[in-house]
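The structure under discussion appears below in the form of structure tokens.
Whatever order the structure lists them in is the order used to number ligands and atoms, beginning at 1. For this chain, numbers begin at 1 and follow the sequence in order.
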Amino acid sequence: MDKPPLAPGLYIVATPIGNLGDITARAADVIARCDVIACEDTRVTGKLLNHLGIRKAMRRYDDHASAEVRERLLGEMAEKSVVLVSDAGTPLISDPGYRLVREARERGLAVTSLPGPSALTVALTLAGLPTDRFLFAGFLPSKDKARGDVLGELAATPATLVFYETGPRLVASLTAMAQHLPGRELAVARELTKLHEECRSGTPEELIAHYTAHPPKGEIVLLAGPPPEPAAPQADDVDALLRAALAQASPSQAAGQVAKAHGLDRKALYARAMALKAEP
Ligand code: SAM
């Protein structure tokens, strides 16, 4: 029995990042049943449709598209099911779609998103770096000064940093990381889900040496582990910190300040602050 037509609205659909086998059953079903596909490049999406054995009306769309193109798509969404795909992976993740989704939501149109592949999540799960907190920063700027400024801004962020990268720029980015993120564990995740998939970890210097000798081909995600935890202060240092704080604050406040600044136990610091205050 034929499935019922899809309800009108916008369907954001993730597609494979290299291995066509990664299309989800739901993505294939929605692509097969939709009325229209909005895509970055009709040739690229045409290949995916060929693989799925589907023919569909396609509209070229990116966030620089004219207001009329966007308006036409938004108009269609009120009566038809419109699928948004990008060339690969999850739309809107360093890919077009943000403006379209925003306007569709503002107009009260139905919007839903079908999860699937993204180089971001594949790289994160593969790199063996902490994933409890991460910051995705898209592509680094290509000019040295701007790239250094961005890395300088992010250096203190207590999270794994994730960047999209290209082969020709990899060594320059690693060199900037050696300067701005010294001592951090890095990972280069390359050609994910494809035949020559690779994930290589190391210090910036190790990776610079490797990729200078073996210029990388293909698509790349570059990750940097979080900054190292600051070493816990020694007992003498703790006393000095508490004495300095006690000059301006009560034992309870001093303990709170030092605990917050150095990640130490507030109760123990309070007991020590009381003892220091009682010293002649
Ligand atoms: N929306 C896509 C996603 O969800 O992954 C990303 C699109 S962005 C324009 C393209 C960048 O994603 C590439 O330059 C590369 O940094 C990364 N990328 C995409 N596919 C990849 C793959 N198979 N392996 C490694 N990185 C990939």
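Near A88, meaning under 4.0 Å from any of its heavy atoms, are these atoms of ligand 1: 1 (N), 2 (C). Close approach to I93 involves these atoms of ligand 1, each under 4.0 Å from a residue heavy atom: 1 (N), 2 (C), 4 (O), 6 (C), 7 (C). Atoms of ligand 1 found under 4.0 Å from any heavy atom of E191 (numbered from 1 in listed order, with element): 24 (N), 25 (C). When each atom of ligand 1 is checked for a heavy atom of K194 under 4.0 Å away, the hits are 23 (N). Close contacts between ligand 1 and T90 involve ligand atoms 1 (N), 3 (C), 4 (O) [criterion: under 4.0 Å to a heavy atom]. Atoms of ligand 1 found under 4.0 Å from any heavy atom of G89 (numbered from 1 in listed order, with element): 3 (C), 4 (O).
Nearest non-hydrogen protein atom to atom 14 (O) of ligand 1 is F139 CZ, 3.3 Å. Nearest to atom 15 (C) of ligand 1 among the protein's heavy atoms is I220 O, 3.4 Å. Ranking protein heavy atoms by distance to atom 20 (N) of ligand 1, first place goes to E219 OE1, 3.3 Å. Atom 7 (C) of ligand 1 has its closest protein heavy atom at D95 OD2, 3.2 Å.
Judged by distance alone, the side chain of Y164 and the main-chain N or O of L120 form a donor-acceptor pair under 3.5 Å. At distances below 3.5 Å, at least one donor-acceptor pair connects side-chain atoms of T121 with backbone N or O atoms of S118. With hydrogens and angles disregarded, no donor-acceptor distance shorter than 3.5 Å links the side chain of R33 to the backbone of S81.
Open room surrounds CE on M274; 12 or fewer heavy atoms of other groups in view lie less than 6.0 Å from it.
Annotation: side chain of D35 is not in contact with side chain of E76 (no heavy-atom distance under 4.5 Å).
The shortest N or O to N or O distance between S94 and ligand 1 is not below 3.5 Å. Close N/O approach between E165 and ligand 1 is found [any backbone or side-chain N/O within under 3.5 Å].
How far CD of Q179 is from CZ of R147: 11.0 Å, rounded to the nearest 0.5 Å. In this structure, CD on E191 lies 12.0 Å from CG on N19, to the nearest 0.5 angstrom.
Looking at F136, F163, Y164 and measuring to atom 17 (C) of ligand 1, the nearest heavy atom belongs to Y164. In this comparison of G116, G18, A119, the heavy atom closest to atom 18 (N) of ligand 1 sits on A119. Across T15, I17, L222, V85, heavy-atom proximity to atom 23 (N) of ligand 1 is greatest for I17.
The shortest heavy-atom contact between A249 and Q257 is CB-NE2, 4.0 Å.
When heavy-atom distances to ligand 1 are checked against a 4.0 Å cut-off, L192 comes that close through both its backbone and its side chain. Counting heavy atoms closer than 4.0 Å to ligand 1, residue D87 contributes nothing at all.
Distances shorter than 4.0 angstrom do not occur between any heavy atom of T193 and any atom of ligand 1.
A salt bridge links E103 to R107: at least one charged side-chain nitrogen sits closer than 4.0 Å to a carboxylate oxygen.
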Legend entry - Check against salt bridge (Lys or Arg N to Asp or Glu O under 4.0 Å), K194 and E219: CA-CA 10 Å; K194 304 184 201 174; E219 299 190 283; 3.0 Å; yes
Legend entry - Derivation and outcome, salt bridge (Lys or Arg N to Asp or Glu O under 4.0 Å), residues R190 and E165: CA-CA 9 Å; R190 202 172 62 80; E165 194 45 271; over 6 Å; no
